[in-house]
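The chain is numbered in sequence order, starting from 1. Whatever order the structure lists them in is the order used to number ligands and atoms, beginning at 1.
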Amino acid sequence: MSAITNHMPTAELQALDAAHHMHPFTTNDELADKGARVITRAKGVYLTDSEGNQILDGMAGLWCVNIGYGRKEMAEVAARQMMELPYYNTFFMTTHVPAIALAQEIAKLAPEGLNHVFFAGSGSEANDTNIRMVRTYWAEKGKPGKSHIISRKNAYHGSSVGSGSLGGMNYMHAQGGMPIPGIHHINQPDWWAEGGDMTPEAFGLARAQELEAKIIELGEDKVAAFIAEPVQGAGGVIVPPESYWPEIQRICDAYDILLIADEVICGFGRTGNWFGSQTMGIRPHIMTIAKGLSSGYQPIGGSIVCDEVAEVISATEFNHGYTYSGHPVAAAVAMENLRILQEEDIIERVRTVGAPALRAGLEKLAEHPLVGGLSIKGMMASLPLTPHKESRAKFAADAGTVGYMCRERCFANNLVMRHVGDRMIISPPLIIEPEDIDVFMTRARTALDETYAQLKEQDMLKSAS
Ligand SMILES: *Cc1c(COP(=O)(O)O)cnc(C)c1O
């Protein structure tokens, strides 16, 4: 077998990639023409590519590398676990120490009453578990008809058929026969894009009350659960108005609806607490976790389940699970990640150092003529781009055109900022130091200036009518 290594010429790696590797959420033909950027290594908050560029990762991979890259302890734990027990399943009345230890630790860190963990290999899988778990819960309670799940437009809950159906992405639903039956989507609390002349408070309340209207329309005895991200991530880092979550909580309580908080991004420190539910003041019955659970060093996800639901599910055989549920290497690595987060006070530092520095930098950046505002909670943020700040106007060009241009300028300046439509997204590793936040701001400003100049030159600073 011939080895493919980091030392091969970039063009050769790109050609092999294009020939055999199908990328997710990508037009692969376009990518083949352009050539994928080859990432070769990473340390702290910096990536290195095959051309030797040092790129500041403002996205923590895909919102997941909370403790930063290159932590040797994580590799050592993985190696040790592989030598001792590389794999065993948790079906058939068996268990192992990594799964026991991780479940206990998660229960300890989770809010009161959330004491049980069902493991999965990813966030998508965990949300598939949740669909089946909430439906099974109500069926076991003698209400099999209480099976509909309400979610939100522009939510992201994963990419499998079940989790993609929970999500509210139209472009995903357009392919492959989604959503599955029994899933309903209400409007999102995106004041910047959809609030019009309403105050954020009034708008947040109105959007929350769409949940109540939907429950009444479907019938309380038909609705199993409401699922939402405490702060929408992939939808564009949408921080709901203050009025939103208290009203959602009131409605879930009033109608006996299970609340599922999808904590895949918000969990494990991103918003300045262990969980986004704590930051937003909500009491979910189930929390979806993945990403920051292992800081992306191993694929692992799960559902943290409250006592009440766990009690009902545990009384029957739940015909569900994954080969890699509680995978020992992934669990051991996640456990080490939780140790690092705690012993190095990383979440406390997010609150006292990281998030304030990020906010201060981004507030300055938001004064840029191209930036229409700032949405931020802890270490997740977005900057909506606009041709006209005062009216929060959209560009005349197709949604995403300008965001894509800006992302390309970021890349050219050795910065990873993702775009969602025409919003620029920021979600750095939680361990980012203030001096690297300064580097971020310098590169981001250059990218914004270059995008602005390009838009001017191409006469694209026009608002949609
Ligand atoms: C990424 C994400 C998921 C899906 O997780 P995967 O590990 O990619 O399957 C689910 N929910 C949210 C909120 C996410 O951000």
Quick one: which of H173, H157, H148 gives a ring pair (Phe, Tyr, Trp, His ring centres under 6.0 Å) with H185?
H173
Assess, by modelled atom type and distance only, whether the side chains of N89 and H327 contain a donor and an acceptor separated by less than 3.5 Å.
no
D190-N154 side chain donor-acceptor pair, cut-off 3.5 Å
no
Step through it carefully: locate the ring centre of F119, locate the ring centre of Y324, and say whether they are under 6.0 Å apart.
no
Taking non-hydrogen atoms within less than 4.0 Å of ligand 1, which protein residues qualify?
S122, G123, S124, N127, Y156, H157, G158, E229, D262, V264, I265, K291
Does R339 pair with E105 as a salt bridge, N-O distance under 4.0 Å?
no
Kindly say whether G276 contributes a backbone atom to a donor-acceptor pair with the side chain of E263 at under 3.5 angstrom?
yes
